[in-house]
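One structure is given here, and the rest of the page talks about it.
All chains are named by letter (A, B, ...) in the order of the sequence lines, taking the proteins before the strands, and each is independently numbered beginning at 1.
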There are 2 protein chains.
Amino acid sequence: MASKTYTIRDLAREFDITTRTIRFYESEGLLAPRREGQTRIYSEKDRVNLKLVLRGKRLGLTLAESRELIEMYDPEHGNVAQLQRLLEKISERRVMLEQQLADIRLMQTELDAAEERCLNALQKARQKES
Amino acid sequence: MASKTYTIRDLAREFDITTRTIRFYESEGLLAPRREGQTRIYSEKDRVNLKLVLRGKRLGLTLAESRELIEMYDPEHGNVAQLQRLLEKISERRVMLEQQLADIRLMQTELDAAEERCLNALQKARQKES
DNA sequence: ATTGACGTTTACGTAAACGTCAACTTAAAC
DNA sequence: GTTTAAGTTGACGTTTACGTAAACGTCAAT
């Protein structure tokens, strides 16, 4: 089936990050490109993982946390105990996301208020000017 | 009116952070407690600011970014140009929050899928056990 | 055949966000 | 009156997430 592959530069361009970052993620176990000689060849799965990591970053996750999320993807390599730990982590993550949702809503409200104060101040400033 | 005040330990306890963190935030200009002799006395406003910073942290903001948000609170000290920059920042923040909302939804969906795979794997693992 | 773009590794540097002492005051408790 | 508990200020250490630079290989184009 010979699925699509990417060079390191392809991915760097697509996600607007440096190649250094991509190599660093590999060294941290977040990506596992195959090699062709020395050169790294990235699969679609690598690309998806990278996307996950970057999304995680936007939500404030550390790389270690993102790695956990990635490892959730194939829960095959797990005994019962491990799988239950995974389920726990999933539910922990959900709690965090709910917290973030609440935080976002609060912050949006505050931005609304801040904008109003700001527009008011602008009014006053312009009156003085005239 | 003598509004309510807090010691550094009060706030540390309430928000489950160390006093070191609170002093650090002060050194970064995020808090400005008054002094009584050497000792810091925190006002309600300090407490609110601290809450803002911690919320920001949960959303992945840096301290510098949180400081910006705090400075938005009183837009009095601003000329027209500054106020317009503030409005820009507010709208930038809104864009980021929207992005985060989308990220959260995607991640929730993925957690759902991950949980299903995990439960499936548990089934199989338990069948083997029996 | 050399230039330029891309790839590699190794190693050190750095900014952010605190933690961790050490050494000292001050206030409260016994 | 002296422990003890909580406050203070440096100063240095640590982790995370890369940046930066050196030193080199590969290949396509001029």
Item to check | Worked check of side chain to side chain contact (heavy atoms under 4.5 Å, CB included) between Asp10(B) and Tyr42(B) | outcome: CA-CA 9 Å; Asp10(B) 288 341; Tyr42(B) 296 86; over 6 Å; no

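No donor-acceptor pair closer than 3.5 Å links the side chain of Arg67(B) to the backbone N or O of Gly29(B). The closest donor-acceptor contact from the side chain of Ser27(A) to the backbone of Phe24(A) lies under 3.5 Å.
The side-chain heavy atoms of Phe15(B) and Thr21(B), taken from C-beta on, include no pair separated by under 4.5 Å. Inter-residue side-chain proximity for Glu14(B) and Leu11(B) is flagged as met; some heavy-atom pair is nearer than 4.5 Å.
Partner of Arg55(B) under the side chain to side chain donor-acceptor pair (under 3.5 Å) criterion, out of Gln99(A), Gln100(A), Glu110(A): Glu110(A) alone.
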Checklist outcome for this item: Under the rule of Watson-Crick or G-U wobble with both distances under 3.5 Å, where | means paired to another strand and [ ] a crossing pair, DNA chain D maps to ||||||||||||||||||||||||||||||

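A salt bridge does not link Glu92(B) with Lys89(B): every distance from a Lys NZ or Arg NE/NH1/NH2 to an Asp or Glu carboxylate oxygen is 4.0 Å or more. A salt bridge is absent between Asp103(B) and Lys57(A); no separation between the charged side-chain nitrogens and carboxylate oxygens falls under 4.0 Å. Classification of Arg34(A) and Asp46(A) as a salt-bridged pair fails, no side-chain N sitting under 4.0 Å from a carboxylate O. Taking a cutoff of 4.0 Å between a charged side-chain nitrogen and a carboxylate oxygen, Glu71(A) and Arg85(A) do not qualify as a salt bridge.
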Any protein N or O atoms within reach of nucleotides 4-7 of chain D? Criterion: under 3.5 Å, listing atom names and distances.
unit_1	atom_1	unit_2	atom_2	d
dG7(D)	OP2	Arg9(B)	NE	2.5
dG7(D)	OP2	Arg9(B)	NH2	3.2

Checklist entry - Which nucleotides of nucleotides 13-28 of chain D have their base under 4.0 Å from a protein heavy atom (B), which only their sugar-phosphate (S), and which neither (-), written as one string 5' to 3'? => result ----BBBB--------

